[in-house]
Amino acid sequence: MIDFSSFFSRLNTHKLARFQAHFEREIPVHFDEKRFSELATWLDAHANLPKLEAELDCSSSVSVNFKQTPTDEQKTMLDQAFRSLIPWRKGPFQIGDLYIDTEWRSDWKWQRVLPHLSPLKGRKILDVGCGSGYHVWRMLGEGANWVLGIDPTPRFVVQFELLKHFAPDSKADVIPLTLEQMPRPMDFFDTVFSMGVLYHRSSPIDHLKELRACLRPGGELVLETLVVDGPEGYSLMPQERYAQMRNVWFLPSVATLEQWLKRCGFDDIRCVDLNQTSLEEQRTTEWMPSHSLKEFLDANNTDLTVEGLPAPKRAVITAKRRAAKGS
Ligand SMILES: C[S@@+](CC[C@H](N)C(=O)[O-])C[C@H]1O[C@@H](n2cnc3c(N)ncnc32)[C@H](O)[C@@H]1O
């Protein structure tokens, strides 16, 4: 079982004990085997991981290096445990000889984002919608003081725990909550990431306000989201699906996004990267065998989705929480 005890002890370390009762109430509700039928199987996989001494290298990749070569039996146990959590979307991960070739090259996104950030060394970081925690590990690799990831999908929380099994003392935690389920205001984190989440929110302005409430005054927001070309004030709302996804609400222009951020209490707003997702960055693999970007784009024109909308283009925006409270 995952008891989240390292998260709870870190609440004390960081003088966040006033939120303890909130998390004690919320976490079990959102990580409940009665609600999520496959959770018990995933937790079994986690419990059956072999006990092997290892070091986790998060500096230029996320790699578990074993101190002794695993036996054939241990290799089989590893393979089975990781396979039982398929699909693996965000990665890749190297676990000894086992390479988890995920749907996304999340390392490519990290290469686009990292050069534009205030140094992460010593920072307390929140990664909203962290998925399997690939970027949580990379933030830790930059010397963060603590990285907390939140994600409502139990499969992704267990995927993170499979890695953490080999580095239990890492200053990284993932809990199964949405941003909306976090206590408010925390006024705490030095850097807050929201990557790939805003377009899934039906109320993007509330999402920005909720991100702001997690940051300390002057703290840095790193927002990565889908955008479209267009003037200030323009945003696209798909009729129904976007690139086959049902849960996409608003694709703003960069100027609109900047305007939203300004009105939600952010300053020093910079668009630092724009990138159209390539078929090499998001694709079907052995570890995510279903349809991927190729099937979501128009077969005759990869600048359009199958619905005839602009193909996925992502912006990275950094901004600072305005210092004055309530402004
Ligand atoms: C497209 S993935 C992005 C993963 C990762 N941040 C990245 O950029 O590669 C979106 C993630 O956000 C999570 N998510 C969806 N709604 C959320 C919410 N309201 N609060 C926090 N996470 C959410 C999903 O479970 C999913 O793992």
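Quick note: residue numbers are just sequence positions, from 1. All ligand and atom numbering here is 1-based and tracks the order in the structure.
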Check: Trp287 ring centroid to Phe82 ring centroid under 6.0 Å: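 No, the ring centres sit 6.0 Å or more apart.
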Under 4.0 Å from ligand 1, counting heavy atoms only: the protein residues, by chain and number: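 Under the 4.0 Å cut-off, ligand 1 touches Lys90, Lys109, Val128, Gly129, Gly131, His135, Asp151, Pro152, Thr153, Phe156, Thr178, Leu179, Glu180, Met195, Gly196, Val197, Tyr199, Arg201.
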Pair Asp190 + Arg216, salt bridge at N-O below 4.0 Å: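 Yes, charged N to carboxylate O under 4.0 Å.
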Step-by-step salt bridge (Lys or Arg N to Asp or Glu O under 4.0 Å) determination, Asp267 to Arg322: CA-CA 6 Å; Asp267 278 336; Arg322 206 167 289 148; 3.2 Å; yes
Hydrophobic cluster of Leu293, others only, ordered by chain and residue number, side-chain cut-off 4.5 Å: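 In the cluster with Leu293 are Leu279, Leu297.
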Phe296: hydrophobic cluster co-members (side-chain, 4.5 Å):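 Once heavy-atom contacts under 4.5 Å are chained together, Phe296 still belongs with nothing else.
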Return all side-chain donor-acceptor pairs below 3.5 angstrom for residues 245-252, not counting sequence neighbours, or 'none' if the list is empty.
residue : atom : partner : partner atom : Å
Asn247  : OD1  : His200  : ND1          : 3.4
Asn247  : ND2  : His200  : ND1          : 3.4

